[in-house]
Amino acid sequence: MKKYVLSGKESLGIEFGSTRIKAVLIDENCTPVAFGGFNWENSLKDGIWTYPLSLVWEGLQSAYEELNNDVFEKTGEYITNLSSIGFSAMMHGYLPFDKDGNQLAEFRTWRNTITAQAAGELTRLFSFNIPQRWSIAHLYQAILNGEEHVNDISFLTTLAGYVHWKLSGEKVLGIGEASGMFPINCSKKNYNSDMLDKFSSLEKVKECKWNIREILPKVLSAGENAGYLTEEGAKLLDKSGKLRAGVPMCPPEGDAGTGMVATNSITERTGNVSAGTSIFSMVVLEKPLKKVYEEIDIVTTPTGSDVAMVHCNNCCTDLDYWVNIFAEFAKQTGSDMPKYKIYDLLYEAALGGDSDCGGLVNINYFSGEPVSHTEDGRPMFLRSQNSTFNLANFFRAQIYSTMSTLKIGMKFLEDEGVEIDRLMGHGGLFKTPVVGQKIMAGAMNAPVSVMETASEGGAWGMAVLAKYSTENEKTLEDYLNDKVFADCKSTTINPDPEDVKGFEKYMETYVAALEAEKAAYQNI
């Protein structure tokens, strides 16, 4: 590896996930060679899920420093130059700035469900689904609320766009990330002009001092140059001052786009499921959907093709809390079992449970879920008097709950006749071999594959996009097939009919239990 460090031929990808900032360095063959990370967590501040921007920079510098130390331990050298850099982050949200670059409002993340009025009005106006977490929904809701900062907006972006801007000076976004701000015209690889006009014609919007076209980031596709690391940006990234400025930067993307790249799922009839703090599926469409569904987002691949996205705010958070309880109990007994083994033990126990969880049901909502039309969240575990309450069924219900809301949304794609040749799984849910993959196959009633690179995740996918921006003679599809995944191994598990039947039965109880969930957040 030392020659790569000295020649500066590595590419760096950094992704701001919901609970961890991950940094991955890859060599000329897109093989990961060094890693870094930083744990962080959002907080509920005045009713808004947010992160302070100061923590963005603390986390970025810490993740890069840890990666740089990893490089030093392996080579005796620190990074001084790179061939390319790319940043990605959790999609959507709201980050407005004034003409002097001052932040105007708390960062409102994808997790917020506070824009129902705006999202509903814009969906009807555009005849196109506008989810609550999209930037344009947050902007219009702020306008409807009469928030004072709105007239001072000069630039509106996402977390990935913000970090890229501060390091390069460029106000741009990759097209996949941009599609979570405002609808995209895939043929023109830009924001939908007709919808921009409709938005501008709204009476409340006319009162604003800005034009929507002037405050959104410029849209770029994968492979395009998105600027260069500035002197100031190099110091922000590497506080040791060793990294040189001038490194080419690729368009910043969202975690959905990097997930598609990391699983080689950017061609038609391919799909992937990312399962971590949130869970979402991405299916690349052959043709537009016949109807508008508020449960399904239409976004794009990093190259600008239409993708049907089912995004659910809640996945593994509640499950992780339960694992912590078991870990605490293990410690009380004098056990020194590491947490990853406790995860494996509980996951494997779930395979021995009844296919319908024996009548147990878990609602894993820490926040609202637009897909299931719930406005807030209260984690809840329910069982009837005659249910089979044991460890296997309990933890199987925990895993089922991580994908139940996704199932509600995916049913609409089934009804549309959307065909999927391959569904790739990645994220924390699939770390324990077989278990998450097998249960997901039964839940989705489709084969689920996991690549040996799945654990590298979105940061690796972002590093690949960064590398591609300097080697873009081929299409991204061909680049991934011919270079990145040519020798990649994967395992595929087909749905077990008993799992399919059991999950369907579980879903009947789950959907019925949502009424109890709504009563809980309305009263507790």
Side-chain angles (χ1 to χ4, degrees), residues 13-22 24 88-93 109-111 131 133 158-160 174 176-177 179-180 253-266 270-284 295-302 307-320 364 367 369 371 399 401-410 413 420 422-432 435-437 439-441 443-444 446-465 480 485 490:
I14 297 181
E15 181 158 283
F16 291 78
S18 300
T19 58
R20 187 164 172 79
I21 301 169
K22 297 179 181 178
V24 175
S88 58
M90 56 192 106
M91 288 181 71
H92 320 295
T109 76
W110 57 269
R111 199 169 201 172
R133 65 187 179 280
T158 64
L159 179 56
E177 174 76 334
S179 69
E253 264 298 346
D255 52 0
T258 58
M260 284 187 276
V261 171
T263 56
N264 195 17
S265 303
I266 65 168
T270 63
N272 77 89
V273 174
S274 174
T277 303
S278 63
I279 186 169
F280 55 85
S281 63
M282 308 286 292
V283 179
V284 186
E295 299 86 357
I296 298 175
D297 313 347
I298 302 300
V299 292
T300 79
T301 67
V307 175
M309 180 182 192
V310 179
H311 184 283
C312 309
N313 291 340
N314 301 276
C315 184
C316 290
T317 301
D318 191 36
L319 181 151
D320 291 342
N364 64 333
S367 60
E369 282 288 5
V371 170
I399 298 176
S401 72
T402 66
M403 54 191 75
S404 295
T405 310
L406 181 67
K407 179 67 174 180
I408 294 171
M410 289 292 283
L413 294 184
I420 306 172
R422 185 179 75 220
L423 191 62
M424 307 299 298
H426 62 111
L429 190 66
F430 301 101
K431 281 188 177 180
T432 299
V435 183
Q437 190 178 356
I439 291 177
M440 182 68 74
M444 299 297 116
V448 174
S449 300
V450 173
M451 292 182 174
E452 61 181 12
T453 57
S455 62
E456 311 300 349
W460 177 70
M462 194 65 240
V464 171
L465 284 173
L480 294 177
F485 293 100
S490 65

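The two residues Ala262 and Met451 have their closest heavy-atom pair at O-SD, 4.2 Å. Nearest heavy-atom pair across Val371 and Cys312 is CG2-SG, 4.5 Å. Residue Gly458 comes nearest to Glu15 through the heavy atom pair CA-OE2, 3.4 Å, listed as atom of the first residue, atom of the second, then distance.
From Met410, atom CE reaches atom CD of Glu295 across 13.5 Å, with rounding to the nearest 0.5 Å.
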Practice problem: Report the C-alpha separation of Thr402 and Leu319 in whole Å, then their side-chain angles, then the decisive distance to 0.1 Å, and conclude whether the side chain to side chain contact (heavy atoms under 4.5 Å, CB included) test is met. | Solution: CA-CA 8 Å; Thr402 66; Leu319 181 151; 4.1 Å; yes

Quiz item: Checking side chain to side chain contact (heavy atoms under 4.5 Å, CB included) for the pair Thr317/Asn364: CA distance, chi angles, key distance, verdict?
Solution: CA-CA 8 Å; Thr317 301; Asn364 64 333; over 6 Å; no

Practice problem: I would like to know whether His92 and Thr158 meet side chain to side chain contact (heavy atoms under 4.5 Å, CB included); could you show each step before the answer? | Solution: CA-CA 6 Å; His92 320 295; Thr158 64; over 6 Å; no

Practice problem: Step by step, work out the side chain to side chain contact (heavy atoms under 4.5 Å, CB included) result for Val307 and Met260. | Solution: CA-CA 10 Å; Val307 175; Met260 284 187 276; 4.0 Å; yes

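For Ser88 (side chain) and Thr258 (main-chain N/O), no donor-acceptor pair under 3.5 Å exists by modelled atom type. The backbone N or O of Val448 sits less than 3.5 Å from a side-chain atom of Gln437, completing a donor-acceptor pair. No donor-acceptor pair under 3.5 Å is formed between the side chain of Lys22 and the backbone N or O of Gly17. Counting only distance, with no hydrogens or angles, the side chain of Asn313 and the backbone of Glu369 share no donor-acceptor pair below 3.5 Å.
Ring centroids of Phe485 and Trp460 are separated by less than 6.0 Å, placing the two rings close together.
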